[in-house]
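To keep things clear, I will list the structure first and then write my remarks on it.
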Amino acid sequence: MPAALLNLGSVSIERVEESSFAALDPFEVYPEVTAELLAANAQWLMPRFLDAATQRLILSFQGFVIRSGAALIVVDTCVGDCKARRRPGFDKQRWGWLARLEASGVSCDAVTHVVCTHFHVDHVGGNTRLRNGQWVTSFPNARYLFPRLEFEYWSSPAGIRALERTGDYMTDSVLPVIAAGQAELVAPDHAIDARVGLRPAGGHTPGSVIVDVQSASQRALLLGDVLHTMLQIRYPDWSTRFCMDAEASRRTRRAILDSCADQDIWLLPNHFPAPTAGQIERCGGHYLWRYAGEGTLAGFPGSST
Ligand SMILES: [Zn+2]
């Protein structure tokens, strides 16, 4: 078993990466970004968060494993293998994430719960795998906890139209779970056990949730896409073009950053590069990020390092 990323009392959290690469053009992601702003932040952005050669933002795509008592919980299942997608970097890839999960000591058969923080292409793909030309569930003994609002939106005419942008992941990665009888449509504050539960975090998508882990007075929040990149620590009001309600997304992000700043609370934004987990500090009128085991980011405005 790999060393856990975080140990909170009796609960451990591990990350299993599918990929990490210079995935996104910042101008595709953020309406407010300018060449001048990128240049002003170049010292801390490069090379860890912005690839100098391509000028693209470096994102991790990953899932998390929470071990809590008898529960073995997978949170978000990445892009997945062999899935037909519009974005070339996602299209019919073979990342081998499920094999990596198994190699890390997590038997797919032993997983008890799968949580999708939201139904975007890079959070549901590993829900299913191809077997004899059919999409079958990757975790045959798990309950898949789908936020009810999220399922209802992506099953609506507007949601189905929105799938044209990315490829129809509902058909290959969500509906087979329903057909297998393994899905549970849950409330945004659903409790998995006494230590792990969901919290509503709408904005990025209508039914987005985060996962709240509390054990032995320690706490971690698995944030899904409330934050996409470190630029949103610098500019917390920036929502992405992928956020369906930019204003609600901003409110959700601000509320979480405000309530977690200067607290002993670990934040795990799904796409932050390794080691992903960090804590937030308030510094004057803005925020600083401190990765687990590191100081604040060198060159970040207000950082002492
Ligand atoms: Zn995402």
Side-chain angles (χ1 to χ4, degrees), residues 15-31 49-50 56-65 74-81 83 85-91 93 95 97 101 114-128 144-147 149-151 153-154 159 162-163 165-170 172-174 188 198-211 221-233 236 238-246 248-250 252-253 256 267-274 276-278:
R15 60 187 285 274
V16 180
E17 198 168 72
E18 181 184 63
S19 68
S20 182
F21 65 106
L24 294 174
D25 179 342
F27 293 91
E28 180 194 352
V29 181
Y30 298 110
F49 307 108
L50 184 74
R56 284 176 165 251
L57 293 161
I58 297 166
L59 276 76
S60 276
F61 297 87
Q62 59 191 333
F64 299 95
V65 177
V74 170
V75 178
D76 286 338
T77 62
C78 313
V79 173
D81 284 4
K83 308 265 165 152
R85 300 291 183 248
R86 294 253 194 267
R87 188 179 289 277
F90 292 170
D91 186 41
Q93 297 288 331
W95 305 106
W97 178 71
L101 198 64
V114 177
V115 175
C116 295
T117 58
H118 61 294
F119 284 7
H120 266 167
V121 62
D122 51 325
H123 296 260
V124 300
N127 285 353
T128 58
Y144 285 67
L145 308 180
F146 293 154
L149 251 181
E150 197 67 358
F151 180 79
Y153 173 76
W154 293 101
L163 292 171
R165 186 176 67 80
T166 50
D168 184 1
Y169 50 81
M170 286 295 284
D172 59 42
S173 301
V174 174
L198 310 184
R199 302 283 176 265
H204 180 59
T205 63
S208 279
V209 297
I210 62 174
V211 180
L221 300 175
L222 283 64
L223 291 184
D225 286 359
V226 168
L227 292 157
H228 266 83
T229 73
M230 203 62 75
L231 275 169
Q232 288 165 301
I233 301 295
W238 287 10
S239 290
T240 71
R241 291 188 205 272
F242 316 127
C243 294
M244 294 176 57
D245 182 337
S249 175
R250 186 174 299 130
T252 294
R253 187 166 43 258
I256 289 174
L267 302 181
L268 291 84
N270 190 290
H271 299 301
F272 274 26
T276 301

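Everything numeric here is computed off the predicted structure, so don't read it as measured data. Both ligands and their constituent atoms are indexed starting at 1 by order of listing.
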Legend entry - the Zn ion (ligand 1) - closest N/O/S atom in D122: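 The Zn ion (ligand 1) is closest to the D122 atom OD2, counting only N, O or S.
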Legend entry - Validation row, ring centre Y153 to ring centre F119 under 6.0 Å: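 For Y153 and F119, the ring centres are not under 6.0 Å apart.
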Inset, instruction - Compute the ring centroids of W154 and H120, then answer whether they are less than 6.0 Å apart. - result: yes
Legend entry - Salt-bridge present (R85, D122; N to O < 4.0 Å):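 Not counted as a salt bridge, because no side-chain N and carboxylate O are separated by less than 4.0 Å.
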Legend entry - Short N/O/S contact of H118 with the Zn ion (ligand 1) (below 2.8 Å):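 Under 2.8 Å: H118 has no N, O or S contact with the Zn ion (ligand 1).
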Legend entry - Nearest-0.5 Å distance, CG of residue L227 to NE2 of residue H271: 11.0 Å
Inset, instruction - To the nearest 10 degrees, could you say what angle the Zn ion (ligand 1) makes with NE2 of H271 and OD2 of D225? - result: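 About 110° at the Zn ion (ligand 1).
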